[in-house]
Amino acid sequence: YSGGYEDTAIHVYHPNGTLARYFDLADYIGIIEDMDIGQDGNLYIMSWDSVLVVSTTGEMLSDLEILLPGEWPYYYLGGIALDDQGYMLVSIIFNDYYGPVWPSLIRKYSLNGTYISDLVTGGVVPDVWADVYSKMYIDAEHNIYAVNWGMSKVQVFDQNGNLLREWGE
């Protein structure tokens, strides 16, 4: 499965790399920020302010409002990763060009969109893009690998959000 930034279509490929089919989600989404496939076989597709749950045939199943009340338009969503315990991790990026700028958060939700906790948070930083988690992966030990786009590094956190290690600039 492939879907890209500033695109509203999901492309499905055969193992040999040829296009099997695609479906367009333009009626539901303005942009695809990131996506992951759940153990339920559904696609969890992140837009700026919500996560769409879509079947592998393109049927819209639900639209999860992820941001907490009052956060939009000051926050938007950046990356998503699903674990094998039925949780969804979402990076949430603060987007306020007129005041203090906060780094992105990594939040934990249930697969139905219920907020569980903030796992990774930070303090005020001077540059709007200094601390932005854009892509994430969860390994078999439930460690979170987060690409920190603004700081050009990969950071690894345990399942409670404690920094284990990092590499890059």
Side-chain angles (χ1 to χ4, degrees), residues 1-5 7-10 23-96 100-125 131-150 154-164:
Y1 294 88
S2 172
Y5 186 72
D7 190 4
T8 59
I10 301 295
F23 46 91
D24 199 336
L25 301 171
D27 291 342
Y28 308 108
I29 196 168
I31 191 169
I32 295 172
E33 288 284 348
D34 198 9
M35 68 178 171
D36 202 354
I37 300 174
Q39 288 189 325
D40 57 6
N42 294 320
L43 302 172
Y44 289 74
I45 303 169
M46 179 176 288
S47 183
W48 283 318
D49 62 345
S50 66
V51 173
L52 301 180
V53 183
V54 179
S55 74
T56 56
T57 60
E59 176 187 359
M60 171 72 154
L61 302 174
S62 61
D63 185 352
L64 307 176
E65 296 295 326
I66 295 297
L67 296 177
L68 299 177
E71 289 185 333
W72 180 259
Y74 301 107
Y75 288 83
Y76 67 94
L77 305 179
I80 187 170
L82 306 176
D83 70 13
D84 62 1
Q85 297 178 322
Y87 294 108
M88 170 174 47
L89 300 184
V90 174
S91 69
I92 299 176
I93 302 166
F94 190 71
N95 186 27
D96 182 1
V101 176
W102 293 83
S104 61
L105 311 170
I106 297 177
R107 282 192 179 151
K108 185 176 189 177
Y109 294 86
S110 68
L111 291 184
N112 68 3
T114 301
Y115 169 78
I116 308 278
S117 66
D118 287 352
L119 293 180
V120 177
T121 62
V124 175
V125 294
D131 202 3
V132 174
Y133 299 108
S134 57
K135 303 292 180 201
M136 294 181 294
Y137 170 76
I138 303 170
D139 70 14
E141 287 78 38
H142 304 110
N143 294 318
I144 306 159
Y145 292 73
V147 174
N148 190 318
W149 178 77
V154 174
Q155 295 176 302
V156 183
F157 302 93
D158 67 17
Q159 63 185 348
N160 297 313
N162 301 306
L163 182 66
L164 299 175

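- Contact check for N42 versus S55: side-chain heavy atoms found under the 4.5 Å cut-off.
- D27 meets the side-chain hydrogen bond (donor to acceptor under 3.5 Å, both in side chains) test with no other residue; sequence neighbours excluded.
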Original post:
Can you check side chain to side chain contact (heavy atoms under 4.5 Å, CB included) on D84 and H142, steps first, answer last?
Top reply: CA-CA 8 Å; D84 62 1; H142 304 110; 2.7 Å; yes
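- The minimum heavy-atom distance linking T56 with F23 is given by the pair O-CE2, 3.5 Å.
- With rounding to the nearest 0.5 Å, the separation of CG in D63 from CD1 in I45 is 11.0 Å.
- Minimum interatomic distance between D40 and Y44 (heavy atoms only, all atoms of both residues): OD2-OH, 2.8 Å.
- Nearest heavy atom pair, residue G86 against residue D83, reads N-OD1, 3.1 Å.
- At least one donor-acceptor pair under 3.5 Å links the side chain of Y109 to the backbone N or O of I66.
- Going from atom CG of N112 over to atom CE of M88 covers 8.0 Å, rounded to the nearest 0.5 Å.
- Residues G79 and S91 share a closest heavy-atom pair of N-OG, 2.7 Å.
- Once rounded to the nearest 0.5 Å, the distance linking CD of Q85 with CG of L111 reads 11.0 Å.
- The main-chain N or O of I80 is found under 3.5 Å from a side-chain atom of D34 such that the two form a donor-acceptor pair.
- Annotation: the span from D158 atom CG to L164 atom CG amounts to 5.0 Å, rounded to 0.5 Å.
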**OP:** Applying side chain to side chain contact (heavy atoms under 4.5 Å, CB included), run through L119 and F157 and close with a yes or a no.
**Re:** CA-CA 9 Å; L119 293 180; F157 302 93; over 6 Å; no
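- The shortest distance between side-chain heavy atoms of I32 and I10 falls below 4.5 Å.
- Here the side chain of S47 pairs no donor or acceptor atom with the backbone of I29 at under 3.5 angstrom.
- A 4.5 Å side-chain heavy-atom check between Q39 and L82 finds every atom pair outside the cut-off.
- Smallest separation of non-hydrogen atoms from A146 and I106: CB-CD1, 4.0 Å.
- For D24, the side-chain hydrogen bond (donor to acceptor under 3.5 Å, both in side chains) criterion is met by T8, not counting sequence neighbours.
- Note: L89 CG to M136 CE = 5.5 Å, rounded to the nearest 0.5 Å.
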